[in-house]
Amino acid sequence: MIDKKKLFDAYLFFHEGQLALAEIERAGIRIDIEKCLAVRQDLSDKISACEEEFKKTFLFQTWEKTFSDRTNILSNVQLEHVLFKVLKLKPIKATAKGRNATDEESLMQLGIADVNVLLRYRKLRKIRDTYLEGFIREQTDGVLHPFFNLHTVRTYRSSSDHPNFQNIPRRDTFARDITRKVIFPRKGHQLLEVDYSGLEVSIAACYHKDPEMLKYLKSGADLHSDLAKKIFNVPVIDKTIPVYKKLRDAAKNGFVFPQFYGDYYKNNVDRICDWIGLSPSREIKEWDDSAGIKFPSGLTIAQHLKKQGIKCPNDFEAHMARVERWFWKEKFKVYDEWKSKWVTSYQKQGYFQTLTGFICKGEMRKNEVVNYPIQGSAFHCLLWSLIQLVKIQKKEGWDSRIVGQIHDSMIVDVNPAELMHVAKVIKKVTCEDLPRVWQWIIVPLSVEMELCPVDSDWTCKKLWEIPET
DNA sequence: GGAACTCGCCAC
DNA sequence: AAACGTGGCGAGTTCC
């Protein structure tokens with residue numbers, strides 16, 4: 001049954017939420033426009049040089065022979081033709097519409113050095129044309145005012161545009177440095193970023209209430225390390241040793257998170273192999289002893305896996321099928337049962353209602369049915385916090401301002417004189433007030449804070465904690 | 001000549 | 001049996 005009270009609360013909540021987001025949009029975020037222009041020029045020079053380099057390759061020469069004056073190295077239709085018709089290479093995978101894919105992953109698997117130059121060219125173009133051009137175009141008086149929308153996303157998350165503030169590079173160090181080094185606080189201020197730690201996993205637990213997961217969330221034990229131990233059969237994961245950190249990251253990003261989104265073991269194999277430096281090709285009968293990352297002892301991951309009887313990707317796939325089965329049918333059995341029940345209920349009712357009161361209806365696939373409520377409700381935790389903080393900011397007359405939001409994190413432009421107070425209030429609102437008001441939150445919430453020095457750009461952020469007393 | 005689609009790629 | 005969730009955006013391509 002639809003809980004009408006909760007639904008009406010949700011309706012009012014989004015009105016309040018959009019007003020808070022409007023304040024964030026109005027505050028805006030400062031960029032260094034001179035720097036933007038200089039960086040854009042520098043990128044243009046690099047792009048020209050890269051293009052010249054590409055023109056020397058065999059790949060380009062074949063391309064130009066085929067398309068003559070119509071040659072356009074940004075055309076993937078042309079690239080597909082050159083690679084798979086002219087050069088008759090074996091396609092790696094298909095796109096959604098059945099063409100031969102020419103994305104980074106596929107190109108790398110072709111085993112042709114020439115594609116590296118093209119990929120570098122694409123990366124540079126992306127940084128310049130999507131990010132810097134966007135910043136320059138959208139700024140007024142050196143300030144960006146990205147929009148934050150609540151009416152565009154099926155899960156009741158937010159979106160952002162003009163420019164999109166929610167997809168500025170972070171993982172790739174080169175792209176990150178270029179794009180984030182133009183983003184600043186107002187003069188004499190500093191940027192503070194506050195992230196909810198593992199928010200989606202915590203909110204998922206409020207739905208399924210799996211005792212094993214609740215144990216992790218309440219004890220602070222490390223799920224990803226435990227999975228790394230299981231997948232690679234190692235006794236301990238010491239995150240300070242690079243190779244073990246890699247194994248943990250492989251377990252986290254190659255298995256745990258994809259599984260939570262509804263992925264399955266066959267894809268997990270490819271992702272994990274990528275992380276640990278092994279080929280995932282099922283044609284390989286046995287990995288070379290020298291393959292993959294190395295333990296401090298000098299043993300390679302290939303040698304280590306072979307000792308477990310896993311000597312090739314096919315063996316690893318069989319192993320991961322067992323791990324997956326254990327993961328859902330034993331370890332997180334209650335979570336798995338919740339997913340089935342949630343889907344069955346949706347199929348019977350034709351809709352479901354989130355813990356935050358929102359209704360999702362219409363045709364949905366299984367994975368969507370179990371993912372939407374989690375994704376939406378997690379974001380609503382942030383949105384609730386933003387509403388309170390904007391109110392407090394106004395009431396107390398802060399000079400500090402929230403200037404951005406990325407699903408489970410907020411970016412604050414802080415007056416240094418207010419830093420301690422602002423940080424304490426944020427911590428109280430996000431971790432104490434919220435779970436008190438939303439009683440369905442049955443797990444502890446925590447935030448991680450990162451702070452930049454005064455007048456420093458966004459890349460200067462360092463892990464930071466509120467000092468005692 | 002512009003709308004709509006497709007692909008690739010960035011974020012969570 | 002089925003098989004990764006949500007967006008925005010640039011550039012190329014297709015369609016009218």
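All values reported here derive from a predicted model rather than from experimental measurement.
Ring centroids of A:F255 and A:Y265 are separated by 6.0 Å or more, keeping the two rings apart. Between A:F165 and A:W458, the ring centre distance stays below 6.0 Å. Taking the six-membered ring for Trp, A:Y335 and A:W342 have ring centres at least 6.0 Å apart. Taking the six-membered ring for Trp, A:F14 and A:H380 have ring centres closer than 6.0 Å. The distance between the ring centers of A:Y196 and A:H407 does not fall below 6.0 angstrom.
Seen from the ring of A:W328, A:K339 counts as a face-on cation partner, given the 6.0 Å and 45° thresholds. With a 6.0 Å cutoff to the six-membered ring centre and a 45° limit on the axis angle, A:K230 counts as a cation-pi contact of A:W326.
Aromatic ring orientation, A:F147 versus A:H162: perpendicular (interplanar angle above 60°, classes split at 30° and 60°).
Between C:dC4 and A:Y264, no contact under 4.0 Å exists linking OP1 or OP2 to a side-chain N or O. Proximity of A:T152 to the phosphate of C:dG7: no side-chain N or O atom is located under 4.0 Å from OP1 or OP2. Side-chain nitrogen and oxygen atoms of A:R122 include none within less than 4.0 Å of the OP1 or OP2 phosphate oxygen of C:dG12. Taking side-chain N and O atoms only, A:N72 has a distance below 4.0 Å to OP1 or OP2 of C:dG12.
For the pair A:D336 CG and C:dA2 P, the interatomic distance rounds to 17 Å; values are reported in whole Å. Atom pair A:F135:CZ and C:dC9:C1' shows a separation of 13 Å (rounding to whole Å applied). For the pair A:D270 CG and C:dC4 P, the interatomic distance rounds to 13 Å; values are reported in whole Å. Atom C1' of nucleotide C:dG8 and atom CD of A:E138 are separated by 12 Å, given to the nearest angstrom. The interatomic distance linking A:Q259 (CD) with C:dA2 (C1') rounds to 13 Å, in whole Å. Regarding A:D274, its CG atom lies at a distance of 16 Å from the C1' atom of C:dC4, rounded to whole Å. To the nearest angstrom, C1' of C:dG8 lies 13 Å from CZ of A:R157. We find that CD of A:Q78 is positioned 10 Å from P of C:dG12, with the value rounded to whole Å.
Backbone-only contact: A:A101 has heavy atoms under 4.0 Å from sugar-phosphate atoms and none from a base. Here A:R137 lies in heavy-atom contact (under 4.0 Å) with sugar-phosphate atoms only. Contacts of A:S160 with the nucleic acid, taken as non-hydrogen atoms under 4.0 Å apart, involve only primed sugar atoms and P, OP1 or OP2. Using a 4.0 Å heavy-atom criterion, one finds that A:Y372 contacts the sugar-phosphate atoms exclusively. Within 4.0 Å of A:I374, counting heavy atoms only, lies no atom of the nucleic acid at all. Counting non-hydrogen atoms under 4.0 angstrom, A:N167 reaches a base of the nucleic acid. Using a 4.0 Å heavy-atom distance criterion, A:T102 is classed as a sugar-phosphate-only contact. If you check every strand for non-hydrogen atoms under 4.0 Å, A:P169 touches sugar and phosphate atoms only. A:R125 comes within 4.0 angstrom of the backbone, heavy atoms only, and of no base. Contact annotation for A:E104: backbone-only contact, meaning every heavy-atom pair under 4.0 Å involves sugar-phosphate atoms and none involves a base. Across all strands, A:K97 comes closer than 4.0 Å only to sugar-phosphate atoms, never to a base (heavy-atom distances).
Comparing C:dA11, C:dG10, C:dG5 against the side chain of A:L74 picks out C:dA11 as the nearest. In the set C:dT6, C:dG10, C:dA11, C:dT6 carries the atom at the smallest distance from any side-chain atom of A:R154. Comparing C:dG7, C:dT13, C:dC4 against the side chain of A:V153 picks out C:dG7 as the nearest.
Salt bridge A:E133/A:K126: absent, no basic N to carboxylate O contact under 4.0 Å.
At a cut-off of 3.5 angstrom, counting only N and O atoms as typed in the model, there is a donor on one side and an acceptor on the other between the side-chain of A:Q375 and the base of C:dG5.
The outermost nucleotides of DNA chain B lying under 4.0 Å from heavy atoms of chain A, listed 5' to 3', are B:dT6 to B:dC12.
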